[in-house]
Each structure stands twice: as structure tokens, then as C-alpha cells.
Amino acid sequence: MSMSLLGRLPMAVKLGVPVAAGLLAAACGTAAGSTAAGSTPAGTPASNGSTTATVIESHAGSAGSFLTNSSGRAVYLWDADSMNKSMCSGACAGAWPPVTAKGHVTAADGAKAADLGTITRSDGSKQVTYLGHPLYYFAGDSGSGQTNGQGSDSFGAKWWLVTPAGTKITVADSATGAAAGAGSSSPTAPASSGGSSTGGSSAGGSWG
């Protein structure tokens, strides 16, 4: 605003101009501060999920060491599966929930990171594999160290604990009582079929 134009304005207007300018600057500063405090810059990782991982480790049992998750829950393989392909879906997956990958999949306490992999199931979830074996929990195991699914033949084929070497354990573990008894505590239903998932695993190896 030129000095000649400012000179012709009433005194009240002259005083109001700098006041209004100051209020506008303060408002802009407050708005900018609110935006910065309530947003996350692009590319910043979320703090509540960046360290999440699925950990496979080993646990010592009477029949030898077998794979578990980080909480000590036993994981199993199923004889009906083939390399990097799960045949367990529907009711089968309800009784034998797939071990799914949450974040990174890592190994500890005797398990081998190089033998871990994942396959993609039909629902889009990632199932953890070990030397090509799709891994499962058993719904009948209620706590760490339990192996109630060992030797079960529910859904038409045997379920076995898995060694850190990637082979199946085919003898009873003391936590189960007996392999034959495990079958009676397992849900029974016709064999599942149809191949619920397919996909390549990031780990290679031979079928044990």
C-alpha cells in the first residue's frame, strides 16, 4: 500500500491494518502446528507393527526336538500335503489352523532360517513352510509343550511333529500319551481335498 493512499485513510483503519496482519499470522501458525502434531509424514513406519515377527524355534521332547512357535506351541506337518502346497482347507483348517506369517518370519533356538518360507493360501494369507512343509497348529493343543495332535489321522492322513532338520517325527511324544490315542482326541471328518493354497516357497529342500 503506497504512503499517499495510507495517508488518506482514517486513523482507525490505519491502526487496524497491522493488528489484522498480526492476527492472520498467528492463526496461520496455529493451523500449521495442529496439522504437524496430528499427522504422520509419508514413509514413517508405524510404531505398533514394525517389529512384529513370526518366530519358529525348537522344543525338546521325549521323541526328540520338534518345531514350535515362540510361545512353545507345537507345529505339525500333514502327510496329505505336497511340496509347498497345502491340501488342508475348510473344516480341516479349523481343526488344524495354518501357521500364518505376521511380519517377518524368523528362526531361533535350533530352527534354521534358511529352511523357512511361505506359500500363499486361497484367502490371500501367507502360510509358513519349513523345508517345503506347510506348517499347522492343532486346535486340541491348549498350551505350550502340548503335542496332542501327534500321530492323528484326522482328515484322512497322518499329522506329525517336525524336527529342526525338516523331517517328521513318527513316534509318540510323552505329552501325547500315545500316537494312537492322539487320533481319538482329534476332530474327525472326511479327508479335505482341493488344494487350498499353492505357491513357491522362499526355502528349498527335500520332502522329509
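The distance from the CG atom of L67 to the CD1 atom of I56 is 7.0 Å, given to the nearest 0.5 Å. Residue L135 holds its CG atom at 7.0 Å from CD of Q127, rounded to the nearest 0.5 Å. Distance check, rounded to the nearest 0.5 Å: OG of S62 to CG of D173 gives 4.0 Å. Rounding to the nearest 0.5 angstrom, the gap separating the NZ atom in K112 from the CG atom in L131 is 7.5 Å. Atoms NZ and CD, on K158 and Q150 in that order, are 9.0 Å from each other to the nearest 0.5 Å. Within the model, atoms NE2 of H133 and CD1 of I119 stand 12.0 Å from one another, a figure rounded to the nearest 0.5 Å.
Ring pair Y76/W96: centre-to-centre distance below 6.0 Å.
Side-chain contact between S71 and S144 is absent, with no heavy atoms from C-beta onward closer than 4.5 Å. Counting only heavy atoms from C-beta outward, the side chains of Y130 and V75 never approach each other to under 4.5 Å. Side-chain atoms of T129 and N84, non-hydrogen and from C-beta on, do get closer than 4.5 Å to each other. Annotation: side chain of S152 is not in contact with side chain of F138 (no heavy-atom distance under 4.5 Å). Annotation: side chain of P134 is not in contact with side chain of K85 (no heavy-atom distance under 4.5 Å). L77 is not listed as a side-chain neighbour of W159, based on a closest heavy-atom distance of 4.5 Å or more. Contact annotation: the side chain of V99 approaches that of Y137 to within less than 4.5 Å [non-hydrogen atoms, C-beta and beyond]. Under the 4.5 Å side-chain criterion, counting only non-hydrogen atoms from C-beta, S86 is in contact with R121.
Defined by atom type and a distance below 3.5 Å, a donor-acceptor pair is present between the side-chain atoms of T120 and K126.
Considering every non-hydrogen atom in both A107 and A113, the closest pair reads CB-N, 3.3 Å. Considering every non-hydrogen atom in both P164 and G110, the closest pair reads CB-O, 3.5 Å. Closest heavy-atom contact between C88 and A93: SG-N, 3.3 Å. T118 approaches A101 most closely through the heavy-atom pair CG2-CB, 4.0 Å. Taking every heavy atom of both residues into account, T147 and A74 meet most closely at CG2-CB, 4.1 Å.
Considering T100, V55, V128 in turn, V128 is the only one that fulfils the side chain to side chain contact (heavy atoms under 4.5 Å, CB included) rule with V105. Test T68, I169, T170 against L161 for side chain to side chain contact (heavy atoms under 4.5 Å, CB included) and you get one pass: I169.
In this structure a side-chain-to-backbone donor-acceptor pair under 3.5 Å is missing from D153 to A157.
The aromatic rings of Y136 and W78 sit perpendicular to each other, their planes meeting at more than 60°, with 30° as the lower class boundary.
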